[in-house]
There are 2 protein chains.
Amino acid sequence: MGVLEKRAKRKEEFRREILDSAREIFIHDGYDGFSMRKLAEKIDYSPTTIYNYFKNKDDLLFAICEEFLANFFDELNHIRSVSPDPVETLRKAFLSLIEFGLKNPNQYKVIFFTKSSVYGTHEEFVQSESMARNVYFTFKEMVQACIKAGRFREMDEDVITQALAITSHGLVTLTLYRPDHLKGKSDVTARSLVDAILRGYQK
Amino acid sequence: MGVLEKRAKRKEEFRREILDSAREIFIHDGYDGFSMRKLAEKIDYSPTTIYNYFKNKDDLLFAICEEFLANFFDELNHIRSVSPDPVETLRKAFLSLIEFGLKNPNQYKVIFFTKSSVYGTHEEFVQSESMARNVYFTFKEMVQACIKAGRFREMDEDVITQALAITSHGLVTLTLYRPDHLKGKSDVTARSLVDAILRGYQK
DNA sequence: ATATGTAATTAACACTGTTAATATAACTAT
DNA sequence: ATAGTTATATTAACAGTGTTAATTACATAT
């Protein structure tokens with residue numbers, strides 16, 4: 001292994017180390033408790049060192065988002081592989097996304113708060129290799145499967161997919177930011193809502 | 001008019017002046033462009049003076065939320081007064097909320113970002129005289145009207161109301177924070193989504 | 001005129017993200 | 001081994017943020 005590769009590897013490892021520490025801060029102190037300086041202190045380096053591994057804070061947050069979504073992407077594919085009925089698959093995937101958001105509030109906040117600019121326009125988003133894109137397209141494929149199986153009314157797939165994304169997003173963010181409003185009954189409301197919307201799109 | 005009343009009146013007037021300036025900053029510079037120091041400069045006072053009229057930044061933001069929601073509350077009652085069919089009333093109210101959010105992005109962000117603590121627990125929220133409460137209960141009454149008219153399946157009213165709130169919230173926030181994602185087709189998606197969910201809850 | 005209470009200000013604290021300039025360490029070529 | 005080069009880490013600083021304690025200016029009441 002050449003020296004250049006060794007350096008690159010070491011750099012990649014350090015990047016990982018920073019990322020792990022950053023995630024720990026998020027889990028431990030929440031989104032508001034995170035700062036570049038705090039992260040620097042945790043990894044025992046000066047704050048400016050981080051900037052040798054990440055362009056800026058947004059870049060760091062984006063990397064964390066990607067990790068988070070990569071985990072969910074795996075779960076999504078697992079659901080698809082074990083569930084035969086397309087509508088049930090979609091329902092499970094749907095509820096899983098909601099559960100994932102509610103169980104990882106701080107990571108979800110990172111995704112939500114991270115500037116939309118990092119994903120670029122819709123075209124750039126579609127052509128990107130981001131995990132957000134992968135998750136979106138997996139959902140879209142699930143919707144397409146429902147239409148193809150004749151279970152859904154024939155509509156624009158993107159509209160339906162986005163409607164589902166919107167619904168889960170609304171539920172998660174409202175629960176995270178107005179926790180008392182649903183009186184801890186998020187799961188009941190979630191099921192009711194998922195039922196209603198799937199019924200609404202079914203034939 | 002006594003001196004004390006005069007002082008109270010003057011204080012109330014100044015409070016209003018601060019509030020108006022704050023709203024102007026939000027409209028002009030957006031949520032991220034707002035700061036207490038900028039507001040102070042605009043009203044030609046030192047930053048600390050604001051703290052004689054508002055407990056802190058959150059308190060100020062809350063006041064702006066209330067104003068914003070008061071306007072929407074009026075529109076909601078207008079819709080109710082002119083629309084005879086309960087389901088159509090709900091649909092219009094629903095779409096109106098979404099439109100209101102999309103047309104006033106910065107004010108909507110204020111509502112969303114303002115710490116949930118200002119509304120307290122659900123019980124405190126219900127007993128409060130906040131505009132958020134009024135809007136919520138108006139929506140709930142509309143849902144009840146649909147159930148009473150035998151148009152909706154008999155379910156917990158709160159669950160349905162919250163489901164509607166969640167959906168509009170999701171649509172608005174996703175459009176505001178991932179604008180390119182819906183490719184400016186928010187209105188199409190909104191109508192489709194509202195259609196689907198109302199169909200889902202109808203008999 | 002003096003005392004009282006309110007309102008506004010200055011200065012400061014403890015933070016934030018980020019950058020330019022500088023020092024240090026590591027590797028390359030002579 | 002030494003000199004030159006490059007990558008990495010650090011210090012100091014900038015321009016902000018919300019907020020508070022201490023202090024001054026001012027209008028009112030005695």
Side-chain angles (χ1 to χ4, degrees), chain A residues 1-19 21-22 25-26 28-65 106 109-110 113-118, chain B residues 1-19 21-22 25-26 28-65 106 109-110 113-118:
Chain A
M1 175 155 48
V3 160
L4 283 173
E5 292 172 43
K6 226 171 179 175
R7 249 215 285 270
K9 194 189 165 194
R10 141 111 184 91
K11 187 150 191 166
E12 190 48 47
E13 281 171 0
F14 196 13
R15 210 184 125 97
R16 267 242 57 80
E17 204 180 305
I18 295 172
L19 225 51
S21 293
I25 292 176
F26 272 110
H28 194 265
D29 303 333
Y31 181 85
D32 292 330
F34 177 85
S35 80
M36 296 296 264
R37 283 179 159 85
K38 197 180 232 173
L39 173 57
E41 203 175 346
K42 190 177 173 71
I43 60 174
D44 257 319
Y45 282 85
S46 73
T48 49
T49 299
I50 302 170
Y51 288 83
N52 284 329
Y53 300 87
F54 297 93
K55 210 180 117 204
N56 52 29
K57 192 183 175 183
D58 272 355
D59 191 32
L60 177 65
L61 296 184
F62 175 71
I64 293 180
C65 289
N106 288 320
K109 283 181 190 177
V110 176
F113 276 108
T114 298
K115 296 273 186 314
S116 63
S117 56
V118 299
Chain B
M1 177 154 48
V3 160
L4 282 173
E5 291 172 44
K6 225 171 178 175
R7 250 214 285 272
K9 194 190 166 193
R10 143 110 185 92
K11 188 150 192 167
E12 190 49 47
E13 280 171 1
F14 196 12
R15 209 184 125 96
R16 267 241 59 78
E17 204 180 304
I18 296 173
L19 225 52
S21 293
I25 292 176
F26 272 110
H28 195 265
D29 303 335
Y31 180 85
D32 292 332
F34 177 86
S35 80
M36 296 296 265
R37 281 178 159 86
K38 197 179 231 174
L39 173 57
E41 203 175 346
K42 190 177 174 69
I43 61 173
D44 257 319
Y45 281 85
S46 73
T48 49
T49 299
I50 302 169
Y51 288 83
N52 285 330
Y53 300 87
F54 297 93
K55 209 180 117 204
N56 52 29
K57 192 183 175 182
D58 272 354
D59 192 32
L60 177 66
L61 296 185
F62 175 71
I64 293 179
C65 289
N106 288 320
K109 283 181 189 178
V110 176
F113 276 108
T114 299
K115 296 269 185 317
S116 62
S117 57
V118 298

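Reminder, nothing fancy here: chain letters follow the sequence lines and each chain counts from 1.
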- Could one point to a donor on the side chain of A/R37 or the base of C/dG17 with an acceptor on the other under 3.5 Å away? yes
- Message: I'd like to know if B/D29 pairs up with B/K38 as an ion pair, taking the criterion as any Lys NZ or Arg NE/NH1/NH2 lying under 4.0 Å from an Asp or Glu carboxylate oxygen.
- Response: yes
- Query: Looking only at side-chain N and O atoms, does B/K11 come under 4.0 Å of OP1 or OP2 in C/dA7?
  - Reply: yes
- Any B/S35 side-chain N or O less than 4.0 Å from OP1/OP2 of D/dT17: yes
- Query: Using a cut-off of less than 4.0 Å, is there contact between a side-chain N or O of A/S46 and OP1 or OP2 of D/dT10?
  - Reply: yes
- Give the nucleotide from the list C/dT18, C/dA8, D/dA7 with an atom nearest to the side chain of A/N56. C/dT18
- Among the nucleotides C/dT19, D/dT20, C/dT18, which one has an atom lying closest to any side-chain atom of B/Y51? D/dT20
- Mind calculating the distance between NZ (B/K38) and C1' (D/dG18) to the nearest angstrom? 15 Å
- Message: I want to verify a distance call: between D/dT19, C/dT9, D/dT11, whose nearest atom is closest to the B/Y45 side chain?
- Response: C/dT9
- Message: Using only atom types and a distance under 3.5 Å, with no angle test, would you say the side chain of A/T49 pairs donor to acceptor with the backbone of A/Y45?
- Response: no
- Does B/F54 offer a backbone N or O that forms a donor-acceptor pair with the side chain of B/D59 under 3.5 Å? no
- Query: Looking at B/T49, does any N or O in its side chain come under 4.0 Å of the phosphate oxygens OP1/OP2 on C/dT9?
  - Reply: yes
- Determine: side-chain N/O of B/Y53 to OP1/OP2 of C/dA8, distance under 4.0 Å, yes or no. yes
